[in-house]
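We use all heavy atoms of the structure for the numbers below, so side chains are in, but hydrogens, waters and symmetry mates are not. Residue numbering restarts at 1 for every chain, and letters A, B, ... go by the order of the sequence lines.
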Amino acid sequence: MASTRTNAGRYEPSLIEPKWQEVWEREGLYRASDDPNDPRPRFYALDMFPYPSGDLHMGHAEAFSGGDAVARFAAMRGFNVLHPIGWDAFGLPAENAAIKRGTHPKEWTYANIEQQARSFRRMGMSFDWTRRLHTCDPEYYRWTQWLFLKLFERGLAYRKTAPANWCPNDQTVLANEQVVNGACERCGTAVVRKDLTQWFFKITDYAQRLLDDIDELVDWPERVITMQRNWIGRSEGARVEFEIAETGDTVEVFTTRPDTLWGVTFFVFAIEHPLVRKLADAGGSASEAEELIRRLQATPLTNREQAESREGVRLGVHAVNPVNGEKVPCFVAPYVLMEYGTGAVMGVPAHDQRDFEFAREHGLPIRVVVQPEGETRDPETMTEAYDHEGVMVNSGPFDGVRSPESIGQVIRWLEEQGKGKAAVTYRLRDWLISRQRYWGAPIPIVHCPEHGEVAVPEDELPVLLPDDVDFRPGGESPLARHEGFVSTTCPVCGAPARRDTDTMDTFVDSSWYFFRYCSPGDATRAFDPELVARWMPVGQYTGGVEHAILHLLYSRFFTKVLYDMGLVSFTEPFPRLMNQGQVIYGGAAMSKSRGNIVEPMPLVERWGADTMRLMMLFAGPFEDDIDWKLIAPDPDRRPGVNAWLGRVYAVVHEAAGREAAEPESLRRLTHRTIRAVTEDLERFRFNVAISKLMVLSNEIRSTLDAGGGAREAAVALVQMLAPIAPFLSEELWREALGNDSSVHVSSWPSHDPKLAREERTVLVVQVDGRVRDRIEMPADASEEDCRQAALASEHARRFLEGREVARVIVRAPKLVNVVTSG
RNA sequence: GCGAGAGUGGCGGAACCGGGAGACGCGCCGGACUUAGGAUCCGGUGCCCGCAAGGGCGUGGGGGUUCGAGUCCCCCCUCUCGCACCA
């Protein structure tokens, strides 16, 4: 039996916290129950799993403080909670660190995981540790590879040659983020474009569904939805075929403005367009065109995309405008992108700013075919393209037709004439998953001279990552240099064959981990569909906005593929998403180069995990950034929330041992607070919830000082504090309040509506909208009572002297506004 | 440029539906305890006038709707974030 009479002493987190951490672990408090007969409703509380780059940082501390509060709150409200943890453990930093320190990526990775796991335990996170996973474990990436094969089977994984950023010094492909000002972020060498054959996932097949199903995301931050929409980038318009006069080739263009077809004065190809060389030959411009292509092909992708050059080479051939038979000159120019639309565009300088600039640079004619209502644009005097609505002119049968209706009319006409058709284009491109790196899941494909790309049979998975690899940069990718890995036999014919030596983008690993948590030990399949059906979709997903696009889009894509495979019955994995803000310092991101990094774990050691959590959750709205310099300007000063926890500690101990009757005013406050805090936590308004708990604890203090009892209030306070400060509340719950089992399995307090209702209220008396008096009234005062009281108010009457009362507006029992005239 | 969001005390931030602006906390000021305090406790704290009672002003700026606007509408300014040659 725990003692109910604990000598209060001082609040010492360093004594309290490790003690309860051990007890919780021993009691298996946070284990999710897979028992189908468990009567509790299920709740899947998911936090974006961390990358083990070192110890936990402030971002983790914030995100997980919120996610853990969500999970604990749900558990106390009677849910069977699944709150798992794992590590997104493949990736480049492990290799870079390994190169720098001369250790194996595996050692570095697992050491960091252990460190983070220790820190999570120290923070008191309510994880079900039995479900822990690491994406770099063969038991996990075996199924990543299996999923690759499923996509391959369905034609959703394919290989094509595509340009990539290539560092000639490190002999490797770089992601766009690793190219800084056109140079390799690690060695500073100028990056070049290089065509490589690489694996892609055909996410573009799902573009429309990814867009449509946004409707199923019932609780996502608006801005994340917007980012996803923009990234998919649907545009509607038409495809129109042009013929090349000199060669007879036909070329398709995509346009969102078919109503400007009569304004076409030139035609432009992207440098990678397959017809360019042929047309240059035909037009006698082969050498200039070749020179341009060679020069630009070497420029890194990121640079070229930022360049705003309007240079271009006249090919010497002409395109025939299908709407009026006009021949216009063709160009090749870098401002047209092969990656978007068809890689060729019609040039309408009067109505497209880029075309306008190009026309001015090359002395091309400009023809206005859409005039703004009541105005006239003259090509001679125009300084920019006119791309708004207007009336069509110089457009044959369409003269006088107004936009936006004109666009649809022209499309219909094009279709009737067989010259074009309505079309939709997406900005979204296929997902390039190949990485010429070591520390990732090997792509389970064998290249056979006879049979081409052959899937590794499922029962031969995983394709293990060899340990004894030279992963330093240089030459080919690390796996390509490992003869024992590369040489194998063809699964079809048994002839000597070579393994694919690419590894997968780590976003592949993280696109399905939330399924694995549902049945983490399953050695026979990626996940158990029955358990997934039971736990998913995720009840609440918590993580940073930095994953607003890629991770979330890829996970949505995977879920839809699994749905199409019949393995899951839902199409969106995360209907509810909550983004924490960033923790910054002095208005800027924390970074080594700025030297402004604050580490969470030393603060946890000094002040306690509960204090760390409270600092995070009390600082402001969860989704807002926290500037650490503003909320904790002096690192040696005791944080305010730590002092408050100390007062809670004292107050609860005192209240626990007090026999005196509890005043009704305190009881009313307690029940009002229960109602309010419950609502606040449902909406993740942690900062507001905490402020209300502070009000309650202040009131308990006054009550005790006045000799009153406060046990009911103290019990409620401790329970409501549990999701936010789990250690202190457990200590108080068991030691001060004398409970035998954990506060974290206790039932969330409920309020008595009768007590929560206000019984007296302050009536505000206004004269002409200005507050002139406040009168205490019973909460059930009638309109007439309020009117009488207001008009009787001496304070108010002083302002009514010499004026006539025109109307009296009564909002019983809160407000009366006396309106005067004259 | 396009898209999204935000401007409230010295600071972080509260304010449900249009109804008491500034909850709660930090900081600061004063006091108590103290050799001391970066500890603890008590009181004060939007700005201006006033000894006070009290009054005036006040939610980025300007206009509007309303008995009443931080909240709704229009215009403007500033900041943050995302995308950025997307045809």
Side-chain angles (χ1 to χ4, degrees), chain A residues 10 221-231 233-235 237 253-257 260 268 270 304-310 333-337 339-348 351-355 357-358 387 425-429 545 548-549 582 587 614-615 618-621 623-641 643-644 646-647 650 676 679 685 687-698 701 705 761-771 773-774 795 798 806-811 814-821:
Chain A
R10 281 176 55 86
E222 200 50 50
R223 61 177 178 149
V224 176
I225 287 176
T226 304
M227 282 191 242
Q228 295 246 326
R229 276 220 175 85
N230 292 345
W231 191 259
R234 179 189 157 103
S235 26
V253 296
F254 173 76
T255 178
T256 52
R257 293 293 306 276
T260 63
V268 194
R304 210 184 109 212
E305 280 172 10
Q306 280 157 18
E308 276 165 24
S309 153
R310 291 289 171 262
Y335 87 90
V336 174
L337 305 177
E339 296 84 4
Y340 186 78
T342 64
V345 303
M346 59 187 214
V348 186
H351 304 294
D352 181 285
Q353 186 59 25
R354 297 152 300 173
D355 295 346
E357 290 162 15
F358 191 79
D387 53 10
T425 297
Y426 300 90
R427 203 190 76 109
L428 182 69
R429 318 235 173 109
V545 259
I549 299 172
Q582 285 195 57
L614 266 160
M615 289 178 83
F618 187 59
E623 59 278 11
D624 287 5
D625 286 353
I626 295 173
D627 192 329
W628 203 259
K629 191 179 179 183
L630 298 180
I631 71 155
D634 181 352
D636 287 326
R637 208 169 179 118
R638 182 178 184 190
V641 291
W644 176 60
R647 291 194 289 274
E679 279 170 21
R685 290 155 40 93
N687 58 327
V688 183
I690 293 164
S691 78
K692 286 167 187 163
L693 295 179
M694 288 173 168
V695 172
L696 181 61
S697 80
N698 290 345
R701 174 81 273 155
D705 288 350
T761 179
V762 174
L763 177 73
V764 171
V765 182
Q766 297 181 334
V767 175
D768 291 326
R770 304 167 82 91
V771 179
D773 199 5
R774 298 176 164 119
H795 283 289
R798 285 179 34 212
R807 355 178 351 199
V808 181
I809 288 157
V810 184
R811 293 284 178 273
K814 301 291 270 187
L815 179 132
V816 173
N817 189 8
V818 182
V819 185
T820 67
S821 63

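In this structure, G82(B) forms a base pair with C2(B), meeting either the Watson-Crick or the G-U wobble geometry with both donor-acceptor distances under 3.5 Å. C57(B) and G46(B) make up a base pair, with Watson-Crick or G-U wobble contacts both under 3.5 Å. Both distances falling under 3.5 Å, in either a Watson-Crick or a G-U wobble arrangement, place A32(B) opposite U40(B). Under the Watson-Crick and G-U wobble criteria, each requiring two contacts below 3.5 Å, nucleotide C11(B) is paired to G25(B). G20(B) makes up no base pair with any nucleotide shown, lacking Watson-Crick or G-U wobble contacts both under 3.5 Å.
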Every protein N/O lying under 3.5 Å from an N/O of nucleotides 36-41 of chain B:
unit_1: G38(B); atom_1: N2; unit_2: Asp636(A); atom_2: OD2; d: 2.9
unit_1: U40(B); atom_1: OP1; unit_2: Arg638(A); atom_2: NH1; d: 2.4

Can you tabulate the close N/O pairs, meaning under 3.5 Å, that link protein atoms to atoms of nucleotides 62-64 of chain B?
none

If you restrict it to nitrogen or oxygen atoms, what contacts under 3.5 Å exist between nucleotides 47-50 of chain B and the protein, and what is each distance?
none

Can you pull every protein N or O that's under 3.5 Å from an N or O on nucleotides 30-35 of chain B?
none

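The shortest side-chain heavy-atom distance between Arg774(A) and Val765(A) does not fall under the 4.5 Å cut-off. Inter-residue side-chain proximity for Arg234(A) and Arg229(A) is flagged as unmet; no heavy-atom pair is nearer than 4.5 Å. You'll find the side chain of Val816(A) reaches within 4.5 Å of the side chain of Leu763(A), heavy atoms only. When side chains are defined from C-beta on, Val808(A) counts as touching Val810(A), because their heavy atoms get closer than 4.5 Å.
For C17(B), the base adopts the syn conformation, since its glycosidic angle falls within 90 degrees of zero. Annotated as anti: G63(B), whose O4'-C1'-N torsion sits more than 90° from 0.
Rounded to a whole Å, the CG atom of Asn230(A) is 9 Å from the C1' atom of C2(B). In this structure, CZ of Arg234(A) is placed 19 Å from P of G3(B), rounded to the nearest angstrom. When rounded to the nearest whole Å, the span between CZ of Arg429(A) and P of A87(B) equals 12 Å. Remark: C1' of G68(B) and CZ of Arg770(A) are 12 Å apart, rounded to the nearest angstrom. Going from atom CG of Asn698(A) over to atom C1' of C24(B) covers 9 Å, rounded to whole Å. Computed from coordinates, the Arg354(A) CZ to C2(B) P distance equals 14 Å when rounded to whole Å. The distance from atom CG of Leu337(A) to atom C1' of A87(B) is 9 Å, rounded to the nearest whole Å. Nucleotide G5(B) holds its P atom 12 Å from the CE atom of Met227(A), rounded to whole Å.
Which of C67(B), G54(B), C86(B) sits closest to the side chain of Arg798(A) comes down to G54(B).
Expressed to the nearest 0.5 Å, how far CD1 of Ile549(A) lies from CG of Asn230(A) amounts to 8.0 Å. The CZ atom of Phe618(A) sits 10.0 Å away from the CG atom of Leu693(A) when rounded to the nearest 0.5 Å. For the atom pair CG of Asp352(A) and OG1 of Thr260(A), the computed distance is 8.0 Å after rounding to the nearest 0.5 Å. Going from atom CD1 of Ile225(A) over to atom CE of Met227(A) covers 11.0 Å, rounded to the nearest 0.5 Å. Thr256(A) contributes atom OG1, which lies 10.0 Å from atom CG of Asp387(A) (distance to the nearest 0.5 angstrom). Of the inter-residue distances, the one linking Thr342(A) atom OG1 with Tyr340(A) atom OH reads 10.5 Å to the nearest 0.5 angstrom.
Using C1' as the reference atom, G20(B) and G58(B) are 15 Å apart when rounded to the nearest Å. Taking the C1' atom of each, A84(B) and C16(B) are spaced 40 Å apart, rounded to whole Å. Between the P atoms of A14(B) and G22(B), the separation comes to 15 Å (whole Å). Separation of the P atoms belonging to G44(B) and G56(B) is 24 Å when rounded to the nearest angstrom. Nucleotides U8(B) and A15(B) have their P atoms positioned 15 Å apart, rounded to a whole Å. Using atom C1' as the reference point in both A4(B) and G10(B), the two lie 31 Å apart (nearest Å). Rounded to whole Å, the P atom of C49(B) lies 16 Å from the corresponding atom of A53(B). A distance of about 37 Å separates the P atoms of C29(B) and G19(B), rounded to the whole Å.
Residue contacts for Val345(A): at a heavy-atom cut-off of 4.0 Å it reaches a base atom on one of the strands shown. At a threshold of 4.0 angstrom between heavy atoms, the contacts of Asp355(A) with the nucleic acid are absent.
Pairing each heavy atom of Val819(A) with each of Asp768(A), the nearest pair is CA-OD1, 3.4 Å. The two residues Ala344(A) and Val253(A) come nearest to each other via the heavy atoms O-CG1, 3.5 Å. Shortest non-hydrogen contact noted between Arg638(A) and Gly646(A) is NH2-CA, 4.1 Å. When all heavy atoms of Met346(A) and Arg257(A) are compared, the pair lying nearest together is CE-O, 3.9 Å. Listed here is the closest heavy atom pair of Asn687(A) and Pro621(A): ND2-N, 3.6 Å.
The ring-ring contact (aromatic ring centres under 6.0 Å, His included) check on Phe358(A) picks up Phe266(A), Phe331(A), Tyr335(A), His362(A), with sequence neighbours excluded.
Nearer the 5' end of RNA chain B, as judged by each residue's closest nucleotide, is the contact made by Thr226(A), out of Thr226(A) and Thr256(A). Each of Thr255(A) and His795(A) lies near RNA chain B, and the nucleotide nearest His795(A) is the one positioned closer to the 5' end.
Side-chain N or O atoms of Gln228(A) include one that pairs as donor or acceptor with a backbone N or O of Ala548(A) at under 3.5 Å. The backbone N or O of Val348(A) lies less than 3.5 Å from a partner atom in the side chain of Asp355(A), making a donor-acceptor pair.
In terms of polar N and O atoms assigned as donor or acceptor, the side chain of Arg427(A) never comes within less than 3.5 Å of the base of C83(B) in a complementary pairing.
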How does protein contact run along nucleotides 6-20 of chain B, one letter per nucleotide 5' to 3', with B for base contact, S for sugar-phosphate only, - for none, heavy atoms under 4.0 Å?
------BSSS---BB
Apply the test side chain to side chain contact (heavy atoms under 4.5 Å, CB included) to residues Phe254(A) and Ser235(A): give CA-CA distance (whole Å), side-chain angles for both, the deciding distance (0.1 Å), then the verdict.
CA-CA 10 Å; Phe254(A) 173 76; Ser235(A) 26; 4.3 Å; yes
